[in-house]
Amino acid sequence: MSKPSLPQGTRDFSASVVRKRNYIFQTIRTVFELYGFQPLETPAMENLDTLMGKYGDEGDKLIFKILNNGLDNPSKQEQAKLEFDKILSGKNTKGLTERALRYDLTIPFARYVAMNHGQLTMPFKRYQIQPVWRADRPQKGRYREFYQCDADVVGSYSLLNEVELANIYASAFKQLGVDVTIKINSRKILAALAECCGGSDKLVDITVAIDKLDKIGLEKVKEELSERGLTSLQINTIETYLQIEGDNYSKIEQLKKIIGTNETGIKGIAELEYLLAYHKDSFVIKHLQADFTLARGLNYYTGVIFEVKANNAQMGSIGGGGRYDDLTGTFDVPNIPGVGISFGVDRIYDVMEELQLFPAEVQTGTQVLFFNLGEAESKAAFALMQSLRDKGVACELYHENSKFDKQFKYADKKQIPYAVILGSKELLENTVMIKNLITGTQVSLSNSELIGFQF
RNA sequence: GAGGGCGUAGCUCAGUAGGUUAGAGCGACAGUUUGUGGCACUGUAGGUCGUGGGUUCGAGACCCAUCGUCCUCCCCA
């Protein structure tokens with residue numbers, strides 16, 4: 001073991017990075033609290049059963065599994081080998097691993113609700129800010145350990161929840177200074193399209209293909225649909241669907257011509273219309289964009305779906321969410337509907353760094369550096385410093401009696417805005433010299449004036 | 001899971017067609033005669049050139065493998 005290193009896709013965060021990340025967390029947390037959501041934390045690891053099968057085949061592969069302890073016990077070696085053979089043939093993995101790291105915050109929340117629904121006041125609104133882990137290959141904007149900030153409401157079918165969640169997105173990103181587009185769609189609209197074109201069993205084929213529209217283009221999407229067994233008539237309908245353009249209202253009008261007679265479609269369109277109408281006179285409306293190609297992971301969404309994109313940065317989605325009408329059903333607690341959104345903090349950080357959106361104040365740590373100019377002097381400085389600390393001002397006393405030069409440079413490097421100089425002269429007069437290191441101006445203050453000084 | 005780029009000092013990199021003791025900038029540390037910083041100047045420390053093989057009289061450079069890292073696709077936050 002020579003050079004230490006980090007596991008792939010994980011990072012250390014230095015002081016300035018932590019401060020900037022905390023600024024994002026705090027902004028989002030404040031908004032969540034303002035909308036009546038309460039905090040929840042769940043363990044980093046869950047039972048593997050809780051997570052498996054909830055994220056689709058791709059998702060299952062990306063779950064970080066935890067090896068069971070005690071496999072090296074000699075008396076269990078034969079058993080362990082048998083279990084390993086089972087894994088190689090794609091069977092269950094319980095003998096070797098029965099726990100896994102959290103993959104997202106939604107499923108652990110669903111598990112929590114399923115376990116505690118008897119005690120929860122419905123509708124139950126919780127927010128959760130914790131790291132999640134994915135065994136993905138790291139690349140730009142993609143990490144193996146990253147934070148999500150989720151807000152979900154369960155126990156309510158009301159579209160008012162969707163309205164508020166859209167508001168939370170718009171409000172949080174406004175405060176962070178990130179210009180975003182909140183794309184919205186309804187899974188019911190996608191379902192209706194499938195019903196009109198080949199039947200609901202083609203839903204996944206259709207959505208997977210049309211989701212790629214902006215990447216591979218219309219022709220390739222049509223090819224893929226054809227390969228997936230759709231007739232040219234059906235593909236024509238989908239083509240018309242994909243060519244819908246314009247503002248939100250004209251898009252919906254065009255959509256009505258395609259699926260407007262389908263019962264599911266009517267419901268889906270009504271959801272989007274409700275959401276748009278509710279925000280008609282709000283600042284939120286200019287961020288909302290109906291996008292019928294938006295699909296997202298279709299595993300549990302049933303109604304409105306959201307996806308947030310930063311407008312001036314090249315970055316995947318920085319947030320996403322939607323309605324799931326039966327999330328806890330897989331935990332044998334049926335009929336609890338819910339809707340939620342998620343913020344991807346690490347991507348938001350990358351976008352804000354790229355666009356230089358962090359305010360300078362975020363970096364402020366220590367406010368005042370007390371110079372150390374001798375034994376008696378530093379003792380007096382220490383007493384004054386403690387008084388300032390009692391008033392909530394972050395202070396440091398230089399650790400040893402060094403030359404001015406060194407003490408100033410220390411303040412510079414830590415970006416400390418004020419220096420308090422208390423030397424032999426000040427000690428006699430019960431005063432201090434306070435210097436603003438940014439402007440370079442300094443004034444002499446009495447000790448009591450220093451305690452009342454506005455930093 | 002598939003494909004591509006890159007691994008030289010703490011960081012960013014330079015190292016010409018393979019040729020002696022491997023360089024710069026920034027940073028760190030110390031000093032430019034100990035009560036006023038940022039600048040400037042001087043000096044010091046720090047690298048078995050990711051690792052292991054191979055080609056060669058000779059490899060940081062070329063070949064193979066391996067590990068790491070970054071990126072693209074898939075999927076996602």
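Protein chains get the first letters and strands the later ones, always in sequence-line order, with residue 1 at the start of each. Everything quoted here is computed from the prediction, not taken from an experiment.
- Listed for the Thr328(A) side chain is no donor-acceptor partner under 3.5 Å among the backbone atoms of Ala110(A).
- Remark: Lys403(A) is in phosphate contact with U32(B), judged by side-chain N or O atoms under 4.0 Å from OP1 or OP2.
- Remark: G7(B) base-pairs with C67(B); criterion is Watson-Crick or G-U wobble with both hydrogen-bond distances under 3.5 Å.
- Only the P atoms considered, A22(B) is 31 Å distant from C70(B), to the nearest whole Å.
- Residue-to-nucleotide contacts include no donor-acceptor pair under 3.5 Å from the side chain of Asp405(A) to the base of G37(B).
- Between Lys406(A) and the phosphate of A30(B), there is a side-chain N or O to OP1/OP2 separation shorter than 4.0 Å.
- Taking the six-membered ring for Trp and the full ring otherwise, the centers of Phe37(A) and Tyr127(A) sit at least 6.0 Å from each other.
- Summarising the base pairing, U56(B) is matched to no nucleotide, lacking a Watson-Crick or G-U wobble pair whose two defining distances lie under 3.5 Å.
- Contacts of Ile421(A) with the nucleic acid, taken as non-hydrogen atoms under 4.0 Å apart, include base atoms.
- Comparing the P positions of C26(B) and U66(B) gives an interatomic distance of 41 Å, to the nearest angstrom.
- Atom C1' of G23(B) sits at a distance of 7 Å from the matching atom of G15(B), rounded to the whole Å.
- Here Lys413(A) reaches the OP1 or OP2 of A28(B): one of its side-chain N or O atoms lies under 4.0 Å away.
- If you look at Phe343(A) and Phe173(A), their ring centroids are closer than 6.0 Å.
- If you check every strand for non-hydrogen atoms under 4.0 Å, Lys435(A) touches a base.
- Separation of atoms CG (Leu105(A)) and CD (Gln130(A)) is listed at 6.5 Å; rounding is to 0.5 Å.
- Within the 3.5 Å criterion, the main-chain N or O of Leu294(A) finds a donor-acceptor partner in the side chain of Asn185(A).
- No hydrogens or angles were tested; on distance alone, nothing pairs the side chain of Arg142(A) with the base of A77(B) as donor and acceptor under 3.5 Å.
- Of the residues listed (Glu162(A), Glu271(A), Arg323(A)), the one engaging Ser186(A) in a side-chain hydrogen bond (donor to acceptor under 3.5 Å, both in side chains) is Glu271(A), and it is the only one.
- Of the nucleotides present, none pairs with G37(B) by Watson-Crick or G-U wobble criteria with both distances under 3.5 Å.
- Residue side chain Glu58(A) does not reach the base of G1(B) through any donor-acceptor N/O pair under 3.5 Å, judged by distance alone.
- Of the nucleotides present, C29(B) is the one that pairs with G43(B) by Watson-Crick or G-U wobble criteria, both distances under 3.5 Å.
- Close to U69(B), at under 4.0 Å from its OP1 or OP2, lies no side-chain N or O of Arg137(A).
- Comparing Asp412(A) and Gln148(A) against RNA chain B, the residue whose closest nucleotide sits nearer the 5' end is Asp412(A).
- For Phe146(A) and A77(B), the ring-to-base geometry satisfies the stacking test (centroid distance below 5.5 Å, interplanar angle below 30°).
- Looking at Gln8(A), its side chain has no donor and acceptor atom pair within 3.5 Å of the base of U69(B).
- For C70(B), neither phosphate oxygen OP1 nor OP2 lies less than 4.0 angstrom from any side-chain nitrogen or oxygen of Gln139(A).
- Under the Watson-Crick or G-U wobble criterion, with both distances below 3.5 Å, A22(B) has no partner in any strand shown.
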